[in-house]
Amino acid sequence: MEGMLYLCATPIGNLEDITLRVLRTLREADIIAAEDTRQTAKLLNHYEIKTPLFSYHEHNKREKTPTLVRKMQEGAHIALVTDAGTPAISDPGEDLVRACHEAGVPVTSLPGPSAAVTALALSGMKARRFTFEGFLPTDKKEREAALVRLAESTGTTILYEAPHRLCRTLQILQEAVGEERPLAVCRELTKRHEEVLHFSLGEALRYFSENEPKGEFVLILAGEDEAKKKEEEQKKWREMPLAEHMEMYLGQGLDKKEAMKRTAKDRGVSKRDIYRALLDESSGESAE
Ligand code: SAM
């Protein structure tokens, strides 16, 4: 019999946020691999599930991944759960999934709660295009790269943060993108004290410096204003002399018509304006 890995999403607060399929899978699995067995035991007790638990977390995953893969190769059906939400999303699981794919062990994902999507939906921020950053990297270089991406992005960004690091992270974000950027702070999702607060980054930092952050947080940061970003880029292009701008495209092998089209687009003006300005420049030159 072929074994299998089942990624089981569990509640992020409200115990009722669990699917029928996850409950059945937890009940029928041979083993439940859990990030914190005591935490998962509470959920299992609530639903009277008696499946044996196996500890699988960030600090033992290197050692335990091969053991779990071997069990599945021998036919075991293993359900993976983390403390809350969807396994592998800023949680242990990614490595186990990869190891299963490599070993040819089938994997399936049982959808359910994730703080990221729950917060984005609740925030009212633009959800058409978004980036999930999770926790900002602790490595300085990686963090700086993430902040550069964030400063330039016109899409919404989702971030996780622990309460004791919230102010520090707001400070870092403010330094990277300025204090005006709109932000929704989503707190204690699906719990009794769930709230969503709308601020600018500067206001959020002031608020949480005076009101100690408590509970769990997801930050939904708006992207840079697209119209403003475009205007700034066009302004930069307009600072370049027109002839030099045209020469740049001609030097890339474009014909004059295409070079004028691109130059006009970069500068946010019409092709006719470019044509006229070039005519003026050349008649100025011949008059000299
Ligand atoms: N795998 C999980 C998921 O799918 O959402 C995320 C796990 S990550 C280790 C934990 C972080 O998720 C917390 O620090 C917090 O940022 C966020 N989080 C989890 N539950 C939350 C809740 N009920 N309200 C707000 N944020 C929550």
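All figures in this text were calculated on a predicted structure; none of them were measured in a lab. Order of listing sets the numbers, starting from 1, for every ligand and every atom in it.
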(request) Hey, can you tell me if Phe199 and Tyr207 have their rings parallel, tilted or perpendicular (30° and 60° cut-offs)? (result)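 It falls in the tilted class, 30° to 60°.
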Please determine if [X] has a nitrogen or oxygen closer than 3.5 Å to a nitrogen or oxygen of ligand 1.
X: Phe135; result: no
X: Ile89; result: yes
X: Ala162; result: no
X: Thr190; result: no
X: Pro113; result: no

With heavy-atom distances below 4.0 Å as the criterion, list the atoms of ligand 1 near [X].
X: Lys191; value: 23 (N)
X: Ser114; value: 3 (C), 4 (O), 5 (O)
X: Ser90; value: 7 (C), 8 (S), 9 (C)
X: Thr86; value: 1 (N), 3 (C), 4 (O)
X: Ala84; value: 1 (N), 2 (C)
X: Glu188; value: 24 (N), 25 (C)
X: Glu161; value: 14 (O), 16 (O)
X: Gly85; value: 3 (C), 4 (O)

(request) For the residue pair Arg21 and Thr108, establish whether any side-chain heavy-atom pair is separated by less than 4.5 Å. (result)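 Yes, at least one pair of side-chain atoms sits under 4.5 Å.
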(request) State, with a plain yes or no, whether a side-chain heavy atom of Pro92 is found less than 4.5 Å away from one of Glu58. (result)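 Side-chain contact under 4.5 Å: yes.
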Counting neighbours of [atom1] on [X] that are heavy atoms of other residues, nucleotides or ligands and sit closer than 6.0 Å, is the number greater than 12?
X: Lys191; atom1: NZ; value: yes
X: Arg168; atom1: CZ; value: no
X: Lys229; atom1: NZ; value: yes

Identity and distance of the protein heavy atom lying nearest [atom]:
atom: atom 5 (O) of ligand 1; result: Ala115 N, 2.7 Å
atom: atom 22 (C) of ligand 1; result: Leu189 N, 3.6 Å
atom: atom 23 (N) of ligand 1; result: Ile12 O, 2.8 Å
atom: atom 16 (O) of ligand 1; result: Phe217 O, 2.6 Å
atom: atom 13 (C) of ligand 1; result: Glu216 OE2, 3.8 Å

(message) Thr154 vs Arg129, test: side-chain hydrogen bond (donor to acceptor under 3.5 Å, both in side chains). Steps then yes/no.
(response) CA-CA 9 Å; Thr154 52; Arg129 202 157 38 80; 3.2 Å; yes
Is there a donor-acceptor contact under 3.5 Å from the side chain of [X] to the main chain of [Y]?
X: Arg181; Y: Gln174; value: no
X: Thr86; Y: Pro113; value: yes
X: Arg187; Y: Lys214; value: yes

(message) Check for me whether Gly13 has a heavy atom closer than 4.0 Å to any atom of ligand 1.
(response)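 In this structure, Gly13 fails to qualify as a contact of ligand 1 - no heavy atom is under 4.0 Å.
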(message) So is Val218 touching ligand 1 or not, going by heavy atoms under 4.0 Å?
(response)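 Contact present.
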(message) Between Arg27 and Glu48, does any side-chain N to carboxylate O distance fall below 4.0 Å?
(response)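 So Arg27 does not pair with Glu48 through a salt bridge.
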(message) Could you check whether Glu226 pairs with Lys230 (Lys NZ or Arg NE/NH1/NH2 to Asp/Glu carboxylate O, under 4.0 Å)?
(response)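 No, Glu226 and Lys230 are not salt-bridged.
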(message) Counting only heavy atoms closer than 4.0 Å, does ligand 1 sit against the backbone of Asp91, its side chain, both, or neither?
(response)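 Near ligand 1, Asp91 shows its side chain, while the N, CA, C and O stay back.
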(request) Pick out which of Lys64, Lys61, Arg62 makes a side chain to side chain donor-acceptor pair (under 3.5 Å) with Asp95. (result)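 Checked Lys64, Lys61, Arg62 against Asp95; only one passes side chain to side chain donor-acceptor pair (under 3.5 Å): Lys61.
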